[in-house]
2 protein chains.
Amino acid sequence: MPTRPAPAYLRIASQLRDQIEGGELSTGSALPSERDLAESLGVSRMTARHAIMVLESEGYVYRHTPRGTFVASPRLPMRIGSFSDEVARSGAEPGDELLWAEAQTPTQAVREALALRGRAKVHAMQRLRTADGAAVAIETTYFPAALTPGLLAEPLTGSLWSLLRDRYGVVAVHASASLEVVALDEVSARRLAARLAAPGILVTRRTFDRDGTCFEFARDLYRADRVEFRVDAQVG
Amino acid sequence: MPTRPAPAYLRIASQLRDQIEGGELSTGSALPSERDLAESLGVSRMTARHAIMVLESEGYVYRHTPRGTFVASPRLPMRIGSFSDEVARSGAEPGDELLWAEAQTPTQAVREALALRGRAKVHAMQRLRTADGAAVAIETTYFPAALTPGLLAEPLTGSLWSLLRDRYGVVAVHASASLEVVALDEVSARRLAARLAAPGILVTRRTFDRDGTCFEFARDLYRADRVEFRVDAQVG
DNA sequence: CAGTGGTCTAGACCACTGG
DNA sequence: CAGTGGTCTAGACCACTGG
């Protein structure tokens, strides 16, 4: 039973993948442009482009429009926990950039997650999280305002769990999370320097204090090609 | 600051997404063909196709080549645990199809995961896991042969954990897993009835007995558009 | 201003499915 | 055998970046 030959775009993707894994194309180096690749292989630009899009979806390369396409770094192993700690554990330098921070009237989803009652407010903030300067995730976090007076006046950089522990005596001991793969929308893709509709991992999570109180609700949107998640679970 | 209009393929994707979320296009119903969509909207087929590929990567629709494109079901909420139990918890019917089962000399990765010594063999098997008849995951599982004599002669259907408990007294109490997003290769994509290079979630996991012995190593490859994962973690 | 990727056109041929 | 999605061509114009 003769198998049909693989389509051209997959053969080209395999060639490039081998060159990346073999070290001929090293981290950060530029791939040939779509036009050059097409010409040198005798295919149309759309076919060369298709091959590169496969590698992009696999996380091997990333676009830096309109400068070119470059070989990506290997993935960061992450656990559900402190972003700063997890990145540092991999030997990379964690970083963050505050996008916004404000007091809000919570939406229904946030109210329920934090078990808020009456007219309780929340302190909300969004940060871009980086590793060695590269965008990894957009983190949107909500804390009960009653539990965190004056939080918005603090420097919201680094580990928020450390800040909450030192400032308010709130200690994170347990987290509950949901992970799903989504396509990045226009705004998120731009912030993460990713391609529109590239795969992202949306982590929706709640963090609990020693006494079982949920003190944090967060939605973290990761570039799927930059991380892998490690989890432990009691089963049976 | 006037913003540029969104590209045509994104506007078309949004239109279709709204129709799906609004119920005008219900689960299982067919989308217009790429050619029909292109003609009715006055764009080229490649542009209509691009829009549908966005929805496919978001999990809203799936292809059933060459029959057409159809509206997908909502995602299954999964935890690290028994596939059968998790699917049943959602009210769907779990199913499986045995792809192969055999005794093997373990690879280095399997040997290390199961902490095997000397010339210890493993019982290996691969199953397609389904929910209401739809392919959800390909599960490749390894058990120490010494722990599971005669396993390959058993009917390898349903929950393997139940089988191991009843037959060998091995009880799953803890699991450790890694989740990463990958692109589906040709074989996996075909088995999962997914598009080549569509996003998959590779779950690499180890399961432990009451006494802390690792008795199972598995690689589960999920269609990313069919599931979401829920996890709990001790942190700090 | 040269070169990049992003988008788009208007075609073509293919394998495969179901009626 | 009609119709589908899968692949591919050979072009085009665009916004944007860096030198």
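Within every chain, numbering begins at 1; the chains are lettered A, B, ... in the order of the sequence lines, protein sequences first and strands thereafter. Keep in mind that the numbers below use all heavy atoms, side chains included, and drop hydrogens, waters and symmetry copies.
Comparing dG6(D), dT4(C), dT7(C) by their closest approach to the side chain of Arg63(B) singles out dG6(D). Closest contact between the side chain of Thr65(A) and the listed nucleotides dG5(C), dC8(C), dG5(D) involves dG5(C).
In Glu39(B), the CD atom is not crowded: 12 or fewer heavy atoms of neighbouring residues, nucleotides or ligands sit closer than 6.0 Å.
Tyr222(B) and Phe229(B) have their aromatic ring centers within a separation under 6.0 angstrom.
Classification of Arg75(B) and Glu228(B) as a salt-bridged pair fails, no side-chain N sitting under 4.0 Å from a carboxylate O. Note on Glu180(A) versus Arg226(B): no salt bridge recorded, every NZ/NE/NH1/NH2 to OD/OE distance being 4.0 Å or above. Between Glu216(A) and Arg206(A), no side-chain nitrogen of the basic residue sits less than 4.0 Å from a carboxylate oxygen of the acidic one, so the salt-bridge criterion is not met.
Among residues at least two apart or in separate chains, there is no salt bridge (Lys or Arg N to Asp or Glu O under 4.0 Å) pair with a member in residues 92-105 of chain A.
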For DNA chain C, the dot-bracket notation using Watson-Crick and G-U wobble pairs below 3.5 Å, [ ] for pseudoknot-type crossings and | for other-strand pairs, is ||||||||||||||||||.
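No hydrogens or angles considered: nothing links the side chains of Arg219(A) and Gln126(A) as a donor-acceptor pair under 3.5 Å.
Arg35(B) contributes no side-chain N or O that forms a donor-acceptor pair with the base of dG3(D) under 3.5 Å.
Listed by residue number, the members of residues 43-52 of chain A with any heavy atom below 4.0 angstrom from DNA chain C are Arg45(A), Met46(A), Arg49(A).
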